[in-house]
Amino acid sequence: MSQIIIQGLLLSGLYALIAVGFTLIFSIGRVLNLAYGAYLMIGGYVYYHFTQVLGLPQIAGILMAAIFGCVIGILKYRLIVKTLKGDHVAVEISTLILAVVIQAGIVLVFNDSSKILHPIVPGVWRIGGATVTFNILTAALASWAILIGLYLFVRNTHIGRAMQAVSMDVKGAAISGVDPDRINLITWGISGALGAVAGVFFASYTQLSPSMWVAPLIIAVAVVIVGGIGSIIGSLIVAHIIGFMEIISTTLIAAELRGVFTMLLIIGVLVMRPRGLFGREEL
Amino acid sequence: MGIRWQHIALWIAFIVVMLALPEFVSKGTLRTIIFANFLAIFAISWDVLSGRTGYISFGHPFLIGIGAYTSAILSYRFGFPVAASIPLAVVATMIGGTLFFLPALRIRGSYFALVTLAFMELMYQLVQVIRPDLTGGTRGMSGIETITRGAVNNYYLSFSLMVIIALAMWLVMKTRLGTALSAIGMNEESVRGSGLDTTKLKLAAFMIAAFIAGLGGAFYVHYLGSIAPRALFDINFLFTIIVAALIGGASTIIGPMIGAFFLTFLLEYLRPVLPGAERYFIYGGIALILYMYQPKGIYEVAKQGWGRLRAVRAGAGP
Amino acid sequence: MSYPLELKDVVKRFGGLTATNHMSFNVENGESLGLIGPNGAGKTTIFSLIMGEHRQTAGEILCNGEDISALPTYARIGRGVCRTYQIPRPFAEMDVLENIRLGLMPNSIWQMLTRNPDRYKEIELALSVGFSENDLNRHPAELSMGDLRKLELARTLATDPSIMLLDEVFAGLTAGEIAQIADLINKKREAGMTLIIVSHDLRSLEPLIDRAIAMNHGSIVAEGSFAKVMADPDVRASYLGGE
Ligand SMILES: Nc1ncnc2c1ncn2[C@@H]1O[C@H](COP(=O)(O)OP(=O)(O)O)[C@@H](O)[C@H]1O
Ligand SMILES: [Mg+2]
């Protein structure tokens, strides 16, 4: 029982981190970035390359992952999203194509066998009957630190407030002197960096493989949309629902069914309450 | 309405050339074209639903999978003749299409795309765990009855199926039903405001798409003789279908056909250069650039090129 | 006695905002009613409620005595009610005739499949709202605001309505275009069409209506002849305060 609660809490923290970069883009540009999962993959592989191939310290690996993610996010905004002028369908389709291209690129560079990351922090911790790896504990703590940091950033900095303004009303923000283009660029950069860092933790929790981007993409989508767009609390709650559902189905029902409930949740909620569980009713 | 003799002449020329093809090309090329034919069927199905009405489906393999699995299970496990298992598979797919349709009553745009993606992933996971004795679980099934043998026969079979579906859809989309479905893609509210029941229209589009997907999926599995979940409920497969429709030209019939042939041959020509999965790198890159350059596809590029050519000639003439 | 259209105590809330606050009114056969009020008064909301694009929170909407509150939009259009939009909503990738074709379509998939479009009728409608023959194959992107309003009128007229709801018909038009559209409305009025017209251009509206209703914050402020409504101090105040 305590095993389920602890594992559930930790996994949920990781899922919240995965979702947060995705939420940023969705609430500011209202576009679905289907290549979001690819940031995670790139982050994981970059970390792997710098720490396990080149032997750099972990922190340098994480930093490199963040930088790569940030650059790719910015490039994606410049080359794709801006070119398509926010045509949603076109952005969704081209980001889907891009994800497939990145997946193939990873195969090209790293070949398609899956790789195991060494734990970022090795060791286990036993409390009661439960065992917790330091690795997932670090991941969860880092998630919470990043989430809180991001929250403070959005609330208290000039750029953060400009981001909020753009997410509420692009034209209004432009009138009051905010350059939506610049804010978008920054947001795509941050989102890429967050995704890549989340990818390092996600990969150390599962493993690295060229098709690893689909699962976190679906988790991110589920958290954001089921939670209700623009509802931070909603996203956090749903990250926990999904995290716990997975742990419970893995330990109590069958490990193969862990993703099934997430899918059923997405389908069920979107069909019953298209605005999400905690979203506003009519816009 | 709007059918001109030029169109009919083009169709006849196309059919004649394709029927004569086995005389001129190798068996290997024929096998490539067989795949292109099936891809064209899937892309046409996707286009009826998504290209026309704008309800982007990211779960088309779900529909194709129902058709393929139903027919495979009925014939392989229960000994149904193919003549019975395929129609039943089509019916099953149309029932699956209704499942797809339910969310479309309430949500659209990105949300709809996501629900369909979730349907595909759900199916992928369920097929492996629920009744693996029927579905073959993760490994799937092999040794499924094939309809005919040999590249030439399979070529004729797949081409006939593709061309019948394409012609039928071409005729249907020439009618006012086609106009109304495209109108939904442009502005659903205005279609409603024109006094039309969009629910009924969307249901029609979904049923037609499911019918084609089920038919294509069932014939495909009896061509391959095997089925595996990862090959079917796969983002790469989905990607190929969508890109075929879009790169060729959505909301047309010839577009998805052009796209399917273009992609299949592109992939085939890349094979000697890049034998592994990294082919998708170039392949996807080309698709991305083409799509970004002209989201309306090759058909539109060709049409504009043709228009310009005519304008130049008209300008040069007397 | 039943009216072509009657609203009984209709309320519409969007979350906490009451856009329609216990509105009751009716139009008589062949009458032309002007609906005026400042921006955000709730005029467009009334139209969407009548058409079934939004469902009212409370109250009844009757068409010839029948409660149509539960009917979907197409069924209301089938009963002869139709509307135009403040911002025209054409089908962007279709030409003028194809746009009109949508309005003429029967709501039956079988008939859509088996019968050809009535090209003659499409052209007749296009010409009747003032398009020239050169315009028939133009696309919305090539049309002026005036032409877009004409196109919308033609598409709604194609559904063969007996009641038309016209939302901000003069907005964004040149003086010449206003005269053309006003002329068209007058013709429909003479032919016995029941009309509800929303407009900010009161001078152009005045000659087109038999009666006016002024509203603000979702409620009726004044009702009666145009002159009487305009003389009402509350109406004047709402315009001054609202703009
Ligand atoms: N779909 C909606 N969701 C929320 N509020 C709405 C919606 N439509 C209209 N409103 C609000 O209802 C009020 C009335 O709007 P509207 O009927 O468009 O006014 P008018 O047409 O008189 O200018 C406004 O305050 C508007 O913001
Ligand atoms: Mg209005």
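Just the heavy atoms: all of them, side chains too, but no hydrogens, waters or symmetry mates, feed the values below.
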Point to revise | Residues, nucleotides or ligands: over 12 heavy atoms within 6.0 Å of B:Q6 CD | key: yes
Practice item. Work out which heavy atom in C:F91 is nearest to a heavy atom in B:V191; give both atom names and the distance. Key: CE2-CG2, 3.6 Å
Review point. What pair of heavy atoms forms the shortest contact from B:R192 to C:T73, and how long is it?
Key: O-CG2, 3.8 Å
Under 4.5 Å from any heavy atom of chain B, what part of [X] do you find: side chain, backbone, both or neither?
{"X": "C:R89", "answer": "both"}
{"X": "C:R115", "answer": "both"}
{"X": "C:S108", "answer": "backbone"}
{"X": "C:E53", "answer": "neither"}
{"X": "C:M105", "answer": "both"}

Check your understanding: Would you say the side-chain atoms of C:N107 pair up with the backbone N or O of B:D197, donor to acceptor, closer than 3.5 Å?
Key -> yes
Check your understanding: Most heavy-atom pairs under 4.5 angstrom with chain B, which of C:P90, C:G78, C:P106?
Key -> C:P106
**Study point:** Check against side chain to side chain donor-acceptor pair (under 3.5 Å), C:R101 and B:T179
**Key:** CA-CA 9 Å; C:R101 186 168 310 155; B:T179 312; 4.7 Å; no
Point to revise | Reference residue C:M112; test side chain to side chain contact (heavy atoms under 4.5 Å, CB included); the match among B:V172, B:L181, B:L196, B:T175 | key: B:L196
